[in-house]
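Below, chains carry the letters A, B, ... as their sequence lines are ordered, and counting in each starts from 1. Heavy atoms only: backbone and side chains are in, while hydrogens, waters and symmetry mates are out.
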2 protein chains.
Amino acid sequence: MDFNRPSVTVDLAIFTVLDADLKILLIRRKLAPFEGMWALPGGFVLVGPSAAEQGESVEDAAYRELEEETGLPRRTLYLEQLHTFGRPGRDPRERVITVAWVALVRPDLAPTVHAGTDAADARWFSVRDALADTDLAFDHSDIVDAALDRIRGKVDYSSISFELVPPTFTIAELRSAHEAIKGAAYDPGNFRRRFKRMQTDGVIAVAPGRRHTATKPAKVYRFVGPTPE
Amino acid sequence: MDFNRPSVTVDLAIFTVLDADLKILLIRRKLAPFEGMWALPGGFVLVGPSAAEQGESVEDAAYRELEEETGLPRRTLYLEQLHTFGRPGRDPRERVITVAWVALVRPDLAPTVHAGTDAADARWFSVRDALADTDLAFDHSDIVDAALDRIRGKVDYSSISFELVPPTFTIAELRSAHEAIKGAAYDPGNFRRRFKRMQTDGVIAVAPGRRHTATKPAKVYRFVGPTPE
DNA sequence: TCAATAGTGTCTTTCAGACAGTATATA
DNA sequence: TATATACTGTCTGAAAGACACTATTGA
């Protein structure tokens, strides 16, 4: 092939919910271009030297970066391909095409994330701040917009919100996760009704124990799986 | 960057509806690998030689290939990014990462497509045949599966079916397009009711004339646009 | 005239939104 | 005991599935 080749990277929009607020993980760039600016974590897809050794899959690259940035094992993380961004000039150094991913980290695991990032400056940003006040490197603002569209569009008809609560959770906790994603309040009674339907459908089940807060203790549930049949 | 770089291609799952049947455009490969096998149309993303000249965007590459394969102008075509496939070994020659797209061609334009393909062997396949009887090159069967999932999932809550009927169309024609995509029958009365709601919402409007077939002539409509507000 | 499709309407079920009301913890 | 939240239930309207029925054309 007598074509020039682009570099291919993966970029990760990693979300969690802390303090009833949707957060995204950003890292501060130590090198040019965009030195000092906040950016999405990411890295190059490793490509082998020959036809026989072709390197890692794009998905493996995303998981590898995700594990490196969060320090969390693969099976505790949710990862979904978002979109590929390939506008020329998006990286001023050279042609870079990036495959963007959405990842979700459970809030009980989120506090350990900071330690995992090899001394890089990494922080959970409220998505409000990340979008409004903070200029992001490259076209990462576009990626964040697309990622938010994706999770906001899916949260009410998929199982992704279970990736943003602890392994066992109350109805109010799940509702709070929905509200953090959508940035809007849900009617508690109506949310509970939908939730109870999930229970009769076998999507969720009662877990032992109760959650004790400042008021009446609530039943605890666990996610079973998206309707076996 | 001291990394090996992959080649990046675009592959197109181009659909139309002919004879009330969902078709996909395949081309027969003239060269190894997979010589003689049917494959999705596609090609390399053009990458410039320097930081200043970085080449075309991935979307432009998809449109360029689409125009080359169909001979149709860009504004008559629907194009949407599907998914990026990057498993090592998917091309035995070298590492190739492909960005797959879904394209829709209106049935009134589909018959001209064959002429546009520079003498290559190109054919509309019924998706039934394409999936069941025909082995496709590379991982193109996976791409076709994903493309079908995409359009089948979207057809009932988006405007894509208007891309698979002529500029003016009857309710029965639109219903037939839905049925071709889903491979299932819709109740004519219920479909008409949903359709009429689109009319009151301003999504569609009556067009002049009537469609004369073997029976009672039907009203003709045109697509106005996805709900102005 | 009759077969086929265009086009209308009805019944039932499901589910969402709005919201009232009861129960039971802890402060 | 007061208040916040857990939890239950009711009313209404939108919309889908099943299906019956009328209207009008070309063969």
Side-chain angles (χ1 to χ4, degrees), chain A residues 19-20 152-159 161 165-166 168-222 227, chain B residues 19-20 152-159 161 165-166 168-222 226-227 229:
Chain A
D19 307 320
R152 283 177 179 153
K154 286 186 77 166
V155 66
D156 282 322
Y157 70 88
S158 76
S159 304
S161 60
V165 289
T168 65
F169 50 87
T170 66
I171 297 181
E173 286 166 358
L174 190 70
R175 175 165 52 87
S176 175
H178 279 247
E179 290 175 338
I181 293 171
K182 294 278 259 191
Y186 285 64
D187 179 275
N190 295 338
F191 189 88
R192 178 178 302 274
R193 182 177 47 195
R194 271 186 28 185
F195 189 86
K196 291 308 240 183
R197 243 194 310 272
M198 284 194 262
Q199 194 182 348
T200 62
D201 293 349
V203 176
I204 52 164
V206 179
R210 299 201 144 231
R211 187 80 86 241
H212 291 265
T213 58
T215 172
K216 179 178 176 183
K219 272 189 189 151
V220 171
Y221 299 83
R222 66 190 166 79
T227 67
Chain B
D19 307 321
R152 284 176 180 154
K154 286 185 77 165
V155 66
D156 283 321
Y157 71 90
S158 76
S159 303
S161 59
V165 289
T168 65
F169 50 86
T170 65
I171 298 181
E173 286 166 358
L174 190 70
R175 176 165 51 86
S176 175
H178 279 246
E179 291 176 337
I181 293 170
K182 295 278 259 192
Y186 286 65
D187 179 275
N190 295 338
F191 189 89
R192 178 178 302 274
R193 183 177 48 195
R194 272 185 28 186
F195 190 86
K196 292 307 238 184
R197 245 196 308 272
M198 285 194 263
Q199 194 182 347
T200 62
D201 293 348
V203 177
I204 52 165
V206 178
R210 298 201 144 230
R211 187 79 86 240
H212 291 265
T213 57
T215 171
K216 182 179 175 184
K219 274 190 187 150
V220 171
Y221 299 84
R222 65 190 168 80
T227 69
E229 200 54 40

Please report, rounded to the nearest Å, how far the [atom2] atom of [N] is from the [atom1] atom of [X].
{"X": "B/Y186", "N": "D/dA18", "atom1": "OH", "atom2": "C1'", "result": "16 Å"}
{"X": "B/K182", "N": "D/dA16", "atom1": "NZ", "atom2": "P", "result": "13 Å"}
{"X": "A/Y221", "N": "D/dA6", "atom1": "OH", "atom2": "P", "result": "11 Å"}
{"X": "B/R192", "N": "D/dG17", "atom1": "CZ", "atom2": "C1'", "result": "17 Å"}
{"X": "A/R197", "N": "D/dT8", "atom1": "CZ", "atom2": "C1'", "result": "15 Å"}
{"X": "B/R193", "N": "D/dA18", "atom1": "CZ", "atom2": "C1'", "result": "10 Å"}
{"X": "A/R211", "N": "D/dA4", "atom1": "CZ", "atom2": "C1'", "result": "18 Å"}

Partner residues of A/K219 under the side-chain hydrogen bond (donor to acceptor under 3.5 Å, both in side chains) criterion, sequence neighbours left out: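 side-chain hydrogen bond (donor to acceptor under 3.5 Å, both in side chains) check on A/K219 returns nothing, list empty.
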Mind checking side chain to side chain contact (heavy atoms under 4.5 Å, CB included) for [X] and listing every partner two or more places apart, or none if nothing turns up?
{"X": "A/A205", "answer": "A/R222, A/V224"}
{"X": "B/K216", "answer": "none"}
{"X": "A/T170", "answer": "A/A172, A/E173, A/R211, A/A218, A/V220"}
{"X": "B/P217", "answer": "B/R210, B/H212"}

field: Those residues that, when tested against B/F191, pass ring pair (Phe, Tyr, Trp, His ring centres under 6.0 Å) (two or more places apart)
entry: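 B/F191 satisfies ring pair (Phe, Tyr, Trp, His ring centres under 6.0 Å) with B/H178, B/Y186 only.
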Using atom names, set out every protein N or O paired with an N or O of nucleotides 24-27 of chain D below 3.5 Å, distance rounded to 0.1 Å.
unit_1 : atom_1 : unit_2 : atom_2 : d
D/dT24 : O4'    : B/K216 : NZ     : 3.4
D/dG26 : O4'    : B/A214 : O      : 3.4

- prompt: Which distance, rounded to the nearest 0.5 Å, do you find between the CD of B/Q199 and the CD1 of B/I204?
  reply: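 Result: 5.5 Å between the selected atoms.
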task: Please list all pairs passing the salt bridge (Lys or Arg N to Asp or Glu O under 4.0 Å) test where one or both residues lie in residues 184-194 of chain B, with sequence neighbours left out.
output: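 Checked against salt bridge (Lys or Arg N to Asp or Glu O under 4.0 Å) - neighbours excluded - the pairs reaching residues 184-194 of chain B are B/D156-B/R194.
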field: For chain B, the stretch of DNA chain C it reaches, first to last nucleotide, under 4.0 Å of its heavy atoms
entry: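 Going 5' to 3' along DNA chain C, contacts run C/dA4 to C/dT10.
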query: With distance as the sole criterion, do the side chain of B/N190 and the base of D/dA18 form a donor-acceptor contact below 3.5 Å?
result: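 Yes, a donor-acceptor pair under 3.5 Å.
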task: Any chance you could lay out the side chain to side chain contact (heavy atoms under 4.5 Å, CB included) test for B/R197 and B/V203, step after step, and finish with the verdict?
output: CA-CA 9 Å; B/R197 245 196 308 272; B/V203 177; over 6 Å; no
message: At 4.0 Å (heavy atoms only), tell me whether A/R194 reaches a base, stays on the sugar-phosphate, or touches nothing.
response: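 Counting heavy atoms under 4.0 Å across all strands, the contact made by A/R194 is with sugar-phosphate only.
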